[in-house]
Amino acid sequence: MIAEVIVDIAASETDRIFDYLCDDGVAVGSRVRAPFGGKILPGFVMRLKEASDFPQERLKKVIPYEDELPALTPECLALAEKLTARYRVPKALTLRLFLPAEMRTGKVRELMRNYATLCTSIEDMKLAKTAKNQLGAALYLQEHGKTDCAYLNSLFPGGVSALEKKGYAVIAKEQILRDPYKSVNAEKVERTLTPDQARAVDTIHTDPRTVQLLHGVTGSGKTEVYLTLIAECLQEGKSSIFLVPEISLTPQMLSQLRARFGKNAAILHSGLSAGERFDEWWRLRTGEAKIAIGARSAIFAPLENLGVIIVDEEHDSSYASESAPRYTTFDVAYLRAKKNNCKLVLGSATPSAETYKRAKDGEFSLIRMDKRINKRPLPEILIADMRREVRRGNNSSFSGALKEELSKCLSQGKQAILFLNRRGYSQTVICKECGYVAKCEACDVSLTYHRDENCLKCHYCGTKYSMLSACPDCGGRKLSYAGTGTQRIAADLQKMYPNARIIRMDNDTTSGKEGHYKILKTFAEKKADILVGTQMIAKGHDFPSVTLVGILDADMSLHFSDYRSAERTFQLITQVAGRSGRAEEQGKVVLQTFDPENEVLRFATSYDYEGFYENEISLRAAMAFPPFSKIVRVLVTGEDDKKCIEALREVYIGLEQLYTENPDKFLFFNKMRAPIKRIQNKYRYQVLMRLSDTSVLPEVYSICAEARTRDALVSVEENPTNLS
Ligand code: ADP
Ligand code: ZN
């Protein structure tokens with residue numbers, strides 16, 4: 001047989017498909033090892049055929065892996081085909097999405113163990129009386145049946161292999177699955193659905209539309225709806241995919257899922273080791289596990305016969321990929337739902353304006369759950385006017401109202417969450433004499449002071465610089481720290497409440513294998529009183545003892561120059577506020593702002609999603625912003641400035657021609673430096689467009705694919721979540 005193989009060459013700009021000889025057993029979709037230019041590279045069998053145009057003797061032979069099944073299913077292959085065509089990237093790159101990284105590099109292997117079983121009864125064995133270890137091993141095997149050889153050898157060294165040599169026992173290799181949740185123990189909670197939940201489940205079954213938007217306030221019990229849908233699928237022998245933002249996979253969530261679905265669920269998250277991920281992936285591929293739970297990338301789970309796909313917190317920005325191919329999770333989920341003829345359930349308390357519009361327009365079904373479980377009220381949100389605080393002479397980060405509520409909360413033995421979307425101690429270091437600002441050498445951004453490590457850090461590339469004792473420009477010794485970060489807040493709090501146990505959760509504290517799980521677990525077990533954190537604490541956590549949430553700087557995200565900033569602010573406030581008062585106790589939220597009249601804040605504090613949406617969508621329509629148009633950014637990056645400019649020129653010429661030929665399809669067209677001119681020593685240029693008609697999009701992709709060079713990466717981003 002001849003196999004057409006895609007060889008996964010890391011830096012290649014185009015696909016290389018080669019003919020190889022292969023054995024008869026090799027199937028389409030299998031991964032293979034392909035001899036290539038003196039090396040062995042990973043590859044995938046795309047097609048099989050009888051004959052090649054090349055002479056047989058010049059063809060090399062691929063070595064198959066000993067996989068039980070081809071790694072890629074027919075659905076995956078077809079999907080990869082579509083994504084490749086849509087985003088104009090090499091197929092090798094698209095195929096990588098479908099496999100855990102550790103499978104391509106081949107560094108991880110199945111964990112194999114030797115097991116022994118007796119095949120002769122002891123009475124029929126001819127063993128010398130002195131062969132104590134053989135006798136011991138034989139007796140043990142007779143009594144216990146199949147046993148791990150390593151264990152037997154620890155009891156009776158060498159015994160079992162001697163038995164095998166004599167033909168009395170057989171030893172066979174078996175795969176061991178690493179179990180990442182050995183330590184997770186939880187009890188199964190059986191719940192009866194509330195009428196709202198039952199109605200939601202029912203609508204999802206009966207409404208004929210593929211996409212079902214579940215718009216439920218925080219704490220309305222959306223999770224229970226998802227779990228019910230998944231359990232039903234399991235009963236029918238169907239599989240399901242459940243996506244959450246990575247950070248929502250809290251210890252509580254993990255144990256809940258584990259208790260409910262046991263080994264039927266494969267939970268893929270960043271805390272797994274490479275080996276664990278590998279095993280979990282194969283459990284899905286073989287159908288041993290029928291539920292894939294994880295962040296964005298779990299949408300590529302190798303499951304067949306899908307019964308439902310669920311995307312929780314559908315508005316979350318983590319659902320957009322930030323590297324090529326820059327797919328949106330919704331698009332992939334939709335293709336898979338269509339292919340499997342199943343429902344795609346989107347859930348959120350604050351759907352994105354785009355999603356909500358499609359639901360209001362009738363394209364998606366819209367299901368509302370507007371009450372919290374047990375009719376608990378949503379927490380009251382107090383606005384603290386920080387201008388007035390400053391006028392009163394309070395220059396600290398804490399308003400009078402927040403301090404008062406914090407003291408009350410702590411004295412009642414409850415927990416509080418304080419939210420600030422900026423990590424580090426202070427945002428910038430400025431020389432008071434000459435105005436010098438400490439900047440990263442590799443990126444065009446200012447450095448943040450981190451007091452823990454007494455250093456300056458770049459939040460874009462992670463480089464650490466030692467702290468300055470004087471200004472490098474003028475030698476001045478008066479350095480000032482501007483802007484407050486989470487470290488500073490935690491330090492100030494500790495001074496105010498010396499007995500309070502304060503923990504911090506941000507990018508600095510969550511590195512390492514278990515990073516945020518540990519912090520969340522500590523907080524969930526009430527081993528801390530106050531949790532200070534960045535937006536990562538905003539997502540779906542359910543801490544019953546939290547009765548106070550403080551939002552320290554509600555305006556910050558309002559001032560990003562991004563069409564989504566109002567939406568993000570609304571979402572963030574609603575999500576963070578939703579962490580308060582989830583159990584019996586009424587919750588409170590203190591929202592600090594310098595702009596108390598701002599209408600986005602007004603809508604958020606009165607939990608008026610509908611009002612916010614109407615206001616927002618009419619602004620978007622008036623300005624012709626998405627969803628009434630599409631923003632497309634073409635980003636050119638590379639280490640050599642000249643070569644970037646060359647590539648930019650090439651791209652620009654092509655795009656400009658497209659623009660002049662289709663002026664009616666463009667609302668905006670311009671080339672410029674990216675707002676951050678350099679990140680990690682790579683120069684950045686962009687062409688920014690706003691399209692009223694996306695029919696020119698395929699053309700944009702192909703112009704960019706052609707302009708890509710060895711030295712300049714040209715990428716296309718649609719409605720980018722980050723325009724820096
Ligand atoms: P959401 O995801 O909508 O924010 P959750 O799913 O976290 O809300 O549910 C909020 C709380 O209500 C959780 O503590 C959950 O255990 C509880 N809950 C959900 N459904 C039920 C039910 N049917 N009966 C009792 N408690 C429930
Ligand atoms: Zn940097």
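Bear in mind that the values here come from a model prediction, so they are computed numbers and not experimental data.
Ring geometry for Y20 versus F18: interplanar angle over 60°, hence perpendicular rather than tilted (30 to 60°).
Closest heavy-atom contact between W282 and A71: CH2-CA, 4.5 Å. Heavy-atom minimum distance, L141 versus A116: CD2-O, 3.4 Å. Among all heavy-atom pairs drawn from L48 and C22, the shortest one is CD2-SG, 3.9 Å.
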Exercise for the section: With salt bridge (charged side-chain N to carboxylate O under 4.0 Å, His left out) as the test, would you mind laying out the steps for K263 and E288 before giving the verdict? Expected result: CA-CA 8 Å; K263 296 222 160 189; E288 188 196 316; 5.9 Å; no

Handout entry: salt bridge (charged side-chain N to carboxylate O under 4.0 Å, His left out) between K343 and D207, intermediate numbers included
Key = CA-CA 10 Å; K343 295 287 162 67; D207 187 282; 5.8 Å; no

Practice task
Give the C-alpha distance, both sets of side-chain angles, the deciding distance and a yes or no for side chain to side chain contact (heavy atoms under 4.5 Å, CB included) between L531 and I519.
Solution key: CA-CA 9 Å; L531 173 63; I519 298 174; 4.0 Å; yes

Practice task
Could you please spell out the steps behind the side chain to side chain contact (heavy atoms under 4.5 Å, CB included) verdict for I63 and V32?
Solution key: CA-CA 6 Å; I63 313 147; V32 290; over 6 Å; no

Handout entry: Full working for side chain to side chain contact (heavy atoms under 4.5 Å, CB included) between D23 and M1
Key = CA-CA 6 Å; D23 291 334; M1 273 299 230; over 6 Å; no

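We find the CG-CG distance between D8 and L95 to be 8.0 Å, quoted to the nearest 0.5 Å. Atom CZ of residue R258 and atom CG of residue N264 lie 9.5 Å apart, to the nearest 0.5 angstrom. Here the CG atom belonging to D19 is positioned 3.5 Å from the OG atom belonging to S52, to the nearest 0.5 angstrom. With rounding to the nearest 0.5 angstrom, the CZ atom of R191 is 9.0 Å from the OG1 atom of T223. Atom CG of L344 is separated from atom CD1 of I204 by 10.5 Å, given to the nearest 0.5 angstrom. Atoms CD and OG1, on E164 and T117 in that order, are 10.0 Å from each other to the nearest 0.5 Å.
Between E280 and R277 there is no salt bridge, since none of the side-chain N atoms of the basic residue sits less than 4.0 Å from a carboxylate O of the acidic one. In summary, R504 and D452 engage in a salt bridge, as defined by a charged side-chain N under 4.0 Å from a carboxylate O. Ionic pairing of R285 and D67 is not present here: no N-O contact between side-chain nitrogen and carboxylate oxygen is shorter than 4.0 angstrom. Ion pair E224/R260 flagged as a salt bridge, since at least one NZ, NE, NH1 or NH2 atom sits closer than 4.0 Å to an Asp/Glu carboxylate oxygen. The residues E75 and K339 are annotated as not salt-bridged, no charged nitrogen and carboxylate oxygen being separated by less than 4.0 angstrom. For the pair K521 and E525, the salt-bridge criterion is met [side-chain N within less than 4.0 Å of a carboxylate O].
Between the R47 side chain and the V5 main chain, no donor and acceptor come within less than 3.5 Å of each other. In terms of modelled atom types and a separation under 3.5 Å, the side chain of S30 and the main chain of V26 share no donor-acceptor contact. A donor-acceptor pair is defined here as one N or O able to donate and one able to accept, closer than 3.5 Å; no such pair exists between the side chain of Y87 and the backbone of T94. The backbone N or O of G145 lies less than 3.5 Å from a partner atom in the side chain of T147, making a donor-acceptor pair. Using modelled atom types, one side-chain atom of D148 and one backbone atom of A150 make a donor-acceptor pair closer than 3.5 Å.
A search for side chain to side chain donor-acceptor pair (under 3.5 Å) contacts involving K146 returns E174, not counting sequence neighbours. N153 is linked by a side chain to side chain donor-acceptor pair (under 3.5 Å) to nothing, counting only residues two or more places apart in sequence or in another chain. Residues forming a ring pair (Phe, Tyr, Trp, His ring centres under 6.0 Å) with Y319 (at least two apart in sequence, or on another chain): none. Applying the ring pair (Phe, Tyr, Trp, His ring centres under 6.0 Å) rule to Y334 yields the partners F330; only residues at least two apart in sequence or on another chain are considered.
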Result block: side-chain N/O donor-acceptor pairs under 3.5 angstrom for residues 293-312, not counting sequence neighbours:
residue : atom : partner : partner atom : Å
R296    : NE   : Y327    : OH           : 3.3
R296    : NH1  : S318    : O            : 2.8
R296    : NH1  : A320    : O            : 3.0
D312    : OD1  : Y226    : OH           : 2.7

Using a 3.5 Å cut-off and no angle test, enumerate the donor-acceptor pairs between side-chain atoms of residues 118-132 and protein atoms at least two apart in sequence or in another chain.
residue : atom : partner : partner atom : Å
S121    : OG   : D124    : OD2          : 3.3

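A cation-pi contact, defined as under 6.0 Å to the ring centre and within 45° of the axis, is absent between R31 and F44.
More than 12 heavy atoms of other residues, nucleotides or ligands sit less than 6.0 Å from atom NZ of K91. The number of heavy atoms from other shown groups lying within 6.0 Å of NZ (K527) does not exceed 12.
Using modelled atom types and a 3.5 Å distance limit, the side chains of S240 and K290 yield no donor-acceptor pair. Judged by distance alone, the side chains of K222 and Q197 never bring a donor and an acceptor atom under 3.5 Å apart.
Residues Q212 and T203 meet the side-chain proximity criterion, which asks for heavy atoms closer than 4.5 Å.
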